[in-house]
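Quick caveat, the model's predicted, so the values are computed rather than measured.
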Amino acid sequence: MSAYPEHGQLLPTQRPPKNEASARSLKLADQELVAKIVAGDKQAFAQIIDRFSSRIYRLAYRMCGSAMDAEDLTQEIFLAIYRSLPSFRGDSALSTWVYRVAMNHCVDFQRRHRPETLSLDEQLVVVTNRWCDNPQEALSKEELGRQIEEALARLAPHHREVVILHELHGLTYAEVAKVLQIPVGTVKSRLSNAFRQLRELLRDYVEDDKNEGAE
């Protein structure tokens with residue numbers, strides 16, 4: 001079995017569809033929370049920070065590749081979220097809206113700094129376990145993580161961001177489309193192109209895995 005499966009085999013990593021009733025309830029709760037924040041309730045905004053801080057930091061870290069920059073960027077993002085909350089209309093889930101604000105700031109950071117490489121945290125190694133049956137048979141987890149990290153860093157930004165949002169953060173196609181404000185079809189196309197490039201970049205490891213399976 002290929003160490004890096006064809007796109008489509010990763011679909012089980014997606015979150016199951018939400019129950020419509022619970023989704024409506026969550027949406028209403030989000031709108032009430034935003035209303036409290038807009039009205040000046042600082043404790044309500046603390047809930048936003050508690051709910052999204054770790055996810056936003058991980059996204060910032062994966063996009064900028066520096067822990068120090070990620071901390072500064074995370075603070076900038078939450079400041080932007082606070083200032084922009086009055087414009088939240090509830091057309092999408094609050095989480096989707098938050099990711100959109102965060103991604104816009106991450107993209108702006110990349111344009112300003114244009115880092116040569118992208119560093120991923122140790123969670124990437126854990127995620128890669130979903131992409132191969134037994135990576136220890138060929139490489140250590142650290143080596144596998146390093147190879148995938150380097151491969152992701154070589155992707156074009158518009159390909160890397162869809163992989164990060166969809167595969168590493170678990171957003172659905174529709175959610176990624178809303179965050180990046182592109183059609184769902186474009187999300188799927190970019191993912192497909194990204195996986196094709198990753199398979200090529202990881203060709204040696206993929207071929208070694210195939211050869212071992214044939215023995």
Side-chain angles (χ1 to χ4, degrees), residues 2-11 13-14 55-70 72-74 76-77 80 92 95-128 130-132 135 139 143-207 209:
S2 171
Y4 208 95
E6 295 292 327
H7 178 51
Q9 290 180 304
L10 299 182
L11 292 182
T13 67
Q14 298 180 43
R55 283 183 277 179
I56 295 304
Y57 174 80
R58 287 196 300 270
L59 176 64
Y61 183 61
R62 285 162 177 159
M63 294 296 289
C64 72
S66 162
M68 183 176 296
D69 287 337
D72 292 340
L73 188 54
T74 298
E76 291 180 14
I77 290 170
S92 61
S95 59
T96 301
W97 183 86
V98 166
Y99 267 112
R100 184 185 305 157
V101 173
M103 183 58 72
N104 286 341
H105 277 263
C106 289
V107 170
D108 182 63
F109 178 91
Q110 287 185 320
R111 288 171 179 166
R112 284 182 282 134
H113 295 81
R114 297 187 182 280
E116 294 181 359
T117 60
L118 177 72
S119 298
L120 298 179
D121 59 22
E122 294 180 355
Q123 291 192 13
L124 177 61
V125 177
V126 177
V127 174
T128 58
R130 296 200 301 260
W131 297 349
C132 44
L139 294 170
E143 176 63 13
L144 175 61
R146 184 186 65 79
Q147 288 198 10
I148 294 178
E149 174 184 332
E150 292 178 356
L152 281 171
R154 295 175 64 181
L155 294 179
H158 64 282
H159 285 149
R160 185 166 61 241
E161 62 191 19
V162 294
V163 173
I164 289 174
L165 289 173
H166 182 65
E167 294 299 330
L168 303 185
H169 282 252
L171 272 65
T172 64
Y173 294 131
E175 288 170 336
V176 174
K178 289 180 179 179
V179 168
L180 300 179
Q181 296 182 305
I182 57 177
V184 171
T186 301
V187 172
K188 294 180 179 180
S189 175
R190 289 182 181 180
L191 277 170
S192 178
N193 290 331
F195 286 129
R196 182 164 54 250
Q197 293 177 53
L198 287 172
R199 283 193 298 273
E200 179 63 25
L201 292 169
L202 297 169
R203 179 175 53 189
D204 291 342
Y205 177 61
V206 173
E207 289 179 349
D209 187 76

_Test log, rule side chain to side chain contact (heavy atoms under 4.5 Å, CB included), inputs Leu73 and Asp69_ = CA-CA 6 Å; Leu73 188 54; Asp69 287 337; 5.8 Å; no
*Verdict with supporting geometry, Val98 and Arg55, side chain to side chain contact (heavy atoms under 4.5 Å, CB included)*: CA-CA 10 Å; Val98 166; Arg55 283 183 277 179; over 6 Å; no
_Trace of the side chain to side chain contact (heavy atoms under 4.5 Å, CB included) decision for Leu180 with Thr186_ = CA-CA 10 Å; Leu180 300 179; Thr186 301; over 6 Å; no
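Tested against Val179 for a side-chain contact (heavy atoms from CB on, under 4.5 Å), the candidates Val187, Val162, Leu171 yield a single pass: Leu171.
Separating the NE2 atom in His166 from the CZ atom in Phe195 is a distance of 6.5 Å, to the nearest 0.5 Å. With values rounded to the nearest 0.5 angstrom, Leu152 atom CG is found 9.0 Å from Leu201 atom CG.
A salt bridge links Arg203 and Glu200; the closest N-O separation between the charged side-chain nitrogens and carboxylate oxygens is under 4.0 Å.
Among residue pairs with one or both ends in residues 96-106, those qualifying as side chain to side chain donor-acceptor pair (under 3.5 Å) are Tyr99-His169; sequence neighbours excluded.
With sequence neighbours left out, the salt bridge (charged side-chain N to carboxylate O under 4.0 Å, His left out) criterion links Asp108 to Arg112. Residues passing the side chain to side chain contact (heavy atoms under 4.5 Å, CB included) test with Ala174, sequence neighbours excluded: Thr172. Checked against side chain to side chain contact (heavy atoms under 4.5 Å, CB included), Arg196 has the following partners two or more places apart in sequence or in another chain: Ser192, Asn193, Arg199. For Pro157, the side chain to side chain contact (heavy atoms under 4.5 Å, CB included) partners are Gln110, Arg160, not counting sequence neighbours. A search for salt bridge (charged side-chain N to carboxylate O under 4.0 Å, His left out) contacts involving Glu76 returns nothing, not counting sequence neighbours.
Minimum heavy-atom separation, Pro183 to Ala177: C-CB, 4.1 Å. Considering all non-hydrogen atoms of both residues, Cys106 and Ala60 come closest at SG-CA, 3.9 Å. Contact detail for Tyr57 and Ala70: the closest heavy-atom pair is CE1-CB, 3.6 Å. The two residues Ala194 and Val163 come nearest to each other via the heavy atoms CB-CG2, 3.6 Å. A pairwise comparison of heavy atoms in Arg190 and Glu161 identifies NH1-OE2, 4.0 Å as the closest pair. Nearest heavy atoms, Val176 versus Leu165: CG2-CB, 3.9 Å.
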